[in-house]
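Report on the structure given below.
Here the structure is a predicted model, which is why all the values come from computation and not from measurement. Atoms within each ligand, like the ligands themselves, are counted from 1 in listed order. Heavy-atom basis, side chains included; hydrogens, waters and symmetry copies ignored. This chain uses plain numbering: 1 for the first residue, then up along the sequence.
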Amino acid sequence: ASRWSLNGMTALVTGGTRGIGHAIVEDLCGFGATVHTCSRNQAELDKCLTEWRSKGFLVSGSVCDVSSQSHRENLIQEVTSVFNGKLNIYVNNVGINYRKPTIEYTAEDYSQILAVNLDSAYHLCQLAYPLLKASGMGSIVFISSIASVVSLGTGSVYAACKAAINQLTKYIACEWAKDNIRSNCVVPATTNTPLVEHLLRNKKYVDEMLSRTPLGRIAEPEEVSSLVAYLCLPAASYITGQVIVVDGGLSVNGFQ
Ligand code: NDP
């Protein structure tokens, strides 16, 4: 197999109907992978699947709420049958955020944010492990956030989940290297997706973000998905346990 191709490889990408996940599905397909994705909305999923198939991409999908344990089990059962028990790539993309000051989070907010962002990532890794191992060449990519590295002012519950994911990346890299499974983490800053539409309409937020970002603009989803795809390629075969920031220079900017 070519070092720069995913031909013949299978991938699971959670949350592929919008934003960064959608771009990841397209990049992995573009490199030749066969992809299974999920979201909670059947109609939106069907629309995406139709579009992808018309582009010649090999994509299947199922409705799944990754915050539910039984949904996660069903998802992996489906992936097992679609890909005959072998999975090369697992991209843990789903994430949600409600930004509030720490004092204002309710117990329900807290458990919802943890269930979607962290419980799902942990449990889906456990469930995907036998499939990744069986493929003989596995790669996990987590999608974290710049909020795991620097404070964005509000949203501490989300930030704590993402920081946990950064460390989970490293533990899994060390534990599962013996099974030829690599584990890496991509850390985006503000990216132009429906998740942050409301923030991107807020001129004060955007101006402040841009003034601190050396590249002076917000990322497009494709600028994040290209790193995800790279990390899955055989070309990245010696890269594991890494947490890599895609932020236009935001987090290294001391003075501006
Ligand atoms: P979007 O909200 O634009 O897209 C999220 C995708 O996940 C949709 O396909 C959505 O479909 C699906 N999804 C959401 N919740 C669930 C769920 N419980 N079960 C299954 N599918 C679900 O998000 P982004 O593309 O912006 O974010 C992707 C990742 O990138 C997240 O982990 C986020 O934290 C991270 N990130 C994003 C940044 C940004 O600025 N956009 C910055 C830093 C990190 P549906 O709602 O129909 O289920």
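Residue-ligand proximity, C64 to ligand 1, at heavy-atom distances under 4.0 Å covers atoms 19 (N), 20 (C). The G15 neighbourhood of ligand 1 comprises atoms 6 (C), 7 (O), 9 (O), 12 (C), with distances under 4.0 Å to a heavy atom of that residue. Under a 4.0 Å criterion applied to the non-hydrogen atoms of I143, ligand 1 contributes the atoms 29 (C), 30 (O), 32 (O), 35 (C). Heavy-atom contacts of P194 reach the following atoms of ligand 1: 3 (O) (cutoff under 4.0 Å). Close contacts of ligand 1 with P188, meaning ligand atoms under 4.0 Å from a residue heavy atom, involve 42 (C), 43 (C), 44 (C). Close contacts between ligand 1 and D65 involve ligand atoms 17 (C), 18 (N), 19 (N) [criterion: under 4.0 Å to a heavy atom]. Within the listing of ligand 1, atoms 8 (C), 9 (O), 11 (O) sit less than 4.0 angstrom from a heavy atom of T17. If you number the atoms of ligand 1 from 1 as listed, the ones under 4.0 Å from a heavy atom of N41 come out as 47 (O).
For S68 (side chain) and H71 (main-chain N/O), a donor-acceptor pair under 3.5 Å exists by modelled atom type. At least one donor-acceptor pair closer than 3.5 Å links the side chain of N41 to the backbone N or O of A43. Here the side chain of T37 pairs a donor or acceptor atom with the backbone of V13 at under 3.5 angstrom. Although no hydrogens or angles enter the test, the distance criterion places no donor-acceptor pair under 3.5 Å between the side chain of S225 and the main chain of H22. Distance alone, capped at 3.5 Å, is enough to place a donor-acceptor pair between the T10 side chain and the N88 backbone. A donor-acceptor pair is defined here as one N or O able to donate and one able to accept, closer than 3.5 Å; such a pair exists between the side chain of N184 and the backbone of Q242. Formation of a donor-acceptor pair under 3.5 Å by the T14 side chain with backbone atoms of N93 is found in this model. Not a single donor-acceptor pair under 3.5 Å links the side chain of D179 to the backbone N or O of K133.
Looking only at heavy atoms of the protein, atom 2 (O) of ligand 1 is closest to L195 CB, 3.4 Å. Nearest non-hydrogen protein atom to atom 40 (O) of ligand 1 is T191 N, 2.8 Å. Among protein heavy atoms, the minimum distance from atom 36 (N) of ligand 1 is reached at Y158 OH, 3.6 Å. Atom 29 (C) of ligand 1 has its closest protein heavy atom at N93 O, 3.1 Å. Summary of contacts: the protein heavy atom closest to atom 10 (C) of ligand 1 is R18 NH2, 3.4 Å. Of the protein's non-hydrogen atoms, the one nearest atom 25 (O) of ligand 1 is I20 N, 2.8 Å. Scanning the protein heavy atoms around atom 22 (C) of ligand 1, the nearest turns out to be V94 CG2, 3.6 Å. Here the protein heavy atom with the shortest distance to atom 24 (P) of ligand 1 is T193 OG1, 3.5 Å.
Counting heavy atoms closer than 4.0 Å to ligand 1, residue S144 contributes backbone atoms (N, CA, C, O) but none from C-beta onward. Proximity of S120 to ligand 1, defined as any heavy-atom pair under 4.0 Å, is not found for any part of the residue. Here H22 has no heavy atoms under 4.0 Å from ligand 1, in either its backbone or its side chain.
Not a single heavy atom of H71 sits less than 4.0 Å from an atom of ligand 1. Residue A189 places a heavy atom less than 4.0 Å from ligand 1. Using a 4.0 Å cutoff on heavy atoms, T190 counts as a contact of ligand 1. For the ligand labelled ligand 1, residue A219 lies outside the 4.0 Å heavy-atom shell.
For ligand 1, none of its N or O atoms has an N or O atom of S145 under 3.5 Å away. For ligand 1, the polar-atom distance check against S67 finds no nitrogen or oxygen pair separated by under 3.5 Å.
Relative orientation of the H36 and F83 rings is perpendicular, given thresholds of 30° and 60° on the angle between their planes.
The cluster map of Ile, Leu, Val, Met, Phe, Trp and Tyr, joined by side-chain heavy atoms under 4.5 Å apart, puts F31 and L58 in different clusters.
When the heavy-atom distances from atom 19 (N) of ligand 1 to V66, V224, T37 are ranked, the shortest goes to V66. Counting heavy atoms only, R40 comes closest to atom 48 (O) of ligand 1 of the residues E197, Q42, R40, E44.
To the nearest 0.5 angstrom, R72 atom CZ is 8.5 Å from C64 atom SG.
For the side-chain hydrogen bond (donor to acceptor under 3.5 Å, both in side chains) test, residues two or more places apart in sequence or in another chain that qualify with D46 are Q42.
Neither side chain, T240 nor R182, offers a donor N or O lying under 3.5 Å from an acceptor on the other. In this structure, a donor-acceptor pair under 3.5 Å is present between the side chains of N92 and Y90.
The pair E208-K203 does not meet the salt-bridge criterion, since no charged nitrogen lies less than 4.0 angstrom from a carboxylate oxygen.
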Enumerate, atom names and distances included, each donor-acceptor pair closer than 3.5 Å involving a side-chain atom of residues 166-176, sequence neighbours excluded.
| residue | atom | partner | partner atom | Å |
| --- | --- | --- | --- | --- |
| N166 | OD1 | S144 | OG | 2.7 |
| N166 | ND2 | S148 | OG | 2.8 |
| T169 | OG1 | I165 | O | 2.8 |

